[in-house]
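This structure is a prediction, so every number in the text was calculated from the model and none was measured. Throughout, numbering of the chain's residues begins at 1 and tracks the sequence.
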Amino acid sequence: MPKPSPSHLAKVIANLVTAPKLTLTNLKSIKLSLAFRNDHFGARHFVKDHLPRIRWANPNLDIQVEKWRKTKEEAWRPEMELEFADGTQKSIDMHEKWSTTILKELMEVAGGEPWAKWKKEAQGSGQPVVPGEENEKKVVKRPTLKPLPSLKVFRAALPLPRQEAPIPPPASAPKTGVSAALP
């Protein structure tokens, strides 16, 4: 008799507990801003593939993801804003990066001693530090003529929506009949 395949829940849990454990030390919050679709592929894959594992390992961490609809004409970069327990803040640029690269940059900043230990063990045994990082070398970067602004800066530069004058109520017709007698 064939062995039954694992359930969806079993697969999800197996993914959440995959090594390395993504424990972040002294981190209070993460705020990500990225395109809803059609751009920022590495950032979107980071949210889909790695953010659930980060949430699993850090249940008290405040995580905010802001997805913004982006047209082809708009140009802004995705970024991750980190706030530490001591109040310091750091920003990680996620533009044109693989999700594994973004994860490694986050872990370098906030992974602490457990991440350093895992990284040393993985490199010592010849295995990848993060599964999938072997594909990072295949990235073809698109040239950008000037540095792209963050979403916050891009939004601030947008013109304000045109304020329409309120439409006055239509002039009422003179009351006739019984309605003329009522207040």
Side-chain angles (χ1 to χ4, degrees), residues 1-70 76-142 150-152:
M1 185 162 127
K3 184 178 176 184
S5 64
S7 69
H8 176 69
L9 179 60
K11 291 176 186 177
V12 169
I13 291 174
N15 180 46
L16 292 174
V17 297
T18 301
K21 186 174 182 181
L22 304 178
T23 305
L24 302 170
T25 58
N26 298 320
L27 196 60
K28 181 178 171 185
S29 69
I30 297 176
K31 182 177 181 184
L32 298 136
S33 55
L34 58 137
F36 176 70
R37 68 168 68 128
N38 298 335
D39 205 359
H40 305 161
F41 302 106
R44 288 182 15 233
H45 279 275
F46 173 82
V47 168
K48 180 181 148 218
D49 298 336
H50 302 296
L51 209 54
R53 293 180 57 212
I54 291 170
R55 164 57 71 211
W56 179 263
N58 306 279
N60 296 326
L61 182 63
D62 178 28
I63 300 175
Q64 300 172 22
V65 179
E66 183 176 13
K67 293 182 178 181
W68 182 265
R69 292 192 187 275
K70 181 177 178 292
W76 49 274
R77 63 183 162 79
E79 73 177 357
M80 179 187 314
E81 297 173 15
L82 308 174
E83 184 179 350
F84 292 89
D86 63 1
T88 60
Q89 296 183 343
K90 179 160 177 53
S91 182
I92 296 177
D93 181 16
M94 300 188 293
H95 185 63
E96 298 287 331
K97 294 180 182 174
W98 273 66
S99 61
T100 51
T101 304
I102 296 166
L103 177 64
K104 288 190 291 188
E105 286 183 24
L106 171 63
M107 296 307 291
E108 288 296 324
V109 171
E113 185 60 36
W115 173 253
K117 182 180 175 185
W118 168 261
K119 187 175 163 186
K120 185 177 179 182
E121 288 174 10
Q123 290 172 338
S125 66
Q127 65 183 8
V129 176
V130 176
E133 74 176 347
E134 56 277 358
N135 297 324
E136 292 174 3
K137 312 302 188 256
K138 299 175 186 175
V139 175
V140 177
K141 297 213 178 208
R142 295 180 286 180
S150 67
L151 176 59
K152 191 184 299 181

Sequence-distant partners of [X], side chain to side chain donor-acceptor pair (under 3.5 Å), two or more places apart:
{"X": "Ser91", "value": "Glu79"}
{"X": "Thr88", "value": "Asp86"}
{"X": "Asn26", "value": "none"}

Taking the side chain as every heavy atom from C-beta outward, state whether [X] and [Y] have any atom pair closer than 4.5 Å.
{"X": "Leu34", "Y": "Val65", "answer": "yes"}
{"X": "Gln89", "Y": "Glu81", "answer": "no"}
{"X": "His50", "Y": "Leu106", "answer": "no"}

May I have the list of side-chain donor-acceptor pairs in residues 51-59 shorter than 3.5 Å, sequence neighbours left out?
| from | atom 1 | to | atom 2 | distance (Å) |
| --- | --- | --- | --- | --- |
| Arg53 | NH2 | Thr18 | O | 2.8 |
| Arg53 | NH2 | Pro20 | O | 2.6 |
| Arg55 | NH1 | Asn58 | O | 3.2 |
| Arg55 | NH1 | Pro59 | O | 3.1 |
| Arg55 | NH1 | Leu61 | O | 2.7 |
| Arg55 | NH2 | Leu61 | O | 2.9 |
| Asn58 | OD1 | Leu24 | N | 2.9 |
| Asn58 | ND2 | Leu22 | O | 2.9 |
| Asn58 | ND2 | Ile54 | O | 2.8 |

Can you see which heavy atom on [X] is nearest to which on [Y], and at what distance?
{"X": "Pro128", "Y": "Ala122", "value": "O-CB, 4.0 Å"}
{"X": "Asp93", "Y": "Lys97", "value": "O-NZ, 2.7 Å"}
{"X": "Ala43", "Y": "Met94", "value": "CB-CE, 3.8 Å"}
{"X": "Ile102", "Y": "Phe46", "value": "CG2-CD1, 3.8 Å"}

Contacts of type side-chain contact (heavy atoms from CB on, under 4.5 Å), residue Lys28, not counting sequence neighbours: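 Expected list: Glu83.
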N/O donor-acceptor pair under 3.5 Å between Thr25 side chain and Ala110 backbone: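 Checking the backbone N and O of Ala110 against the side chain of Thr25, a donor-acceptor pair under 3.5 Å is found.
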N/O donor-acceptor pair under 3.5 Å between Arg44 side chain and Asp39 backbone: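 The answer is yes, because a donor-acceptor pair under 3.5 Å joins these two groups.
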Measure the [atom1]-[atom2] distance between [X] and [Y] for me, rounded to the nearest 0.5 Å.
{"X": "Leu82", "Y": "Ser29", "atom1": "CG", "atom2": "OG", "result": "8.0 Å"}
{"X": "Lys67", "Y": "Ser33", "atom1": "NZ", "atom2": "OG", "result": "12.5 Å"}
{"X": "His40", "Y": "Glu96", "atom1": "NE2", "atom2": "CD", "result": "8.5 Å"}
{"X": "Leu103", "Y": "Ile92", "atom1": "CG", "atom2": "CD1", "result": "9.5 Å"}

Side chain to side chain contact (heavy atoms under 4.5 Å, CB included), paired with Trp115, selected from Thr23, Val129, Val109: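 The side chain to side chain contact (heavy atoms under 4.5 Å, CB included) with Trp115 is passed solely by Val129 among Thr23, Val129, Val109.
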Side chain to side chain donor-acceptor pair (under 3.5 Å) contacts touching residues 116-127 (sequence neighbours left out):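 Found Glu108-Lys119.
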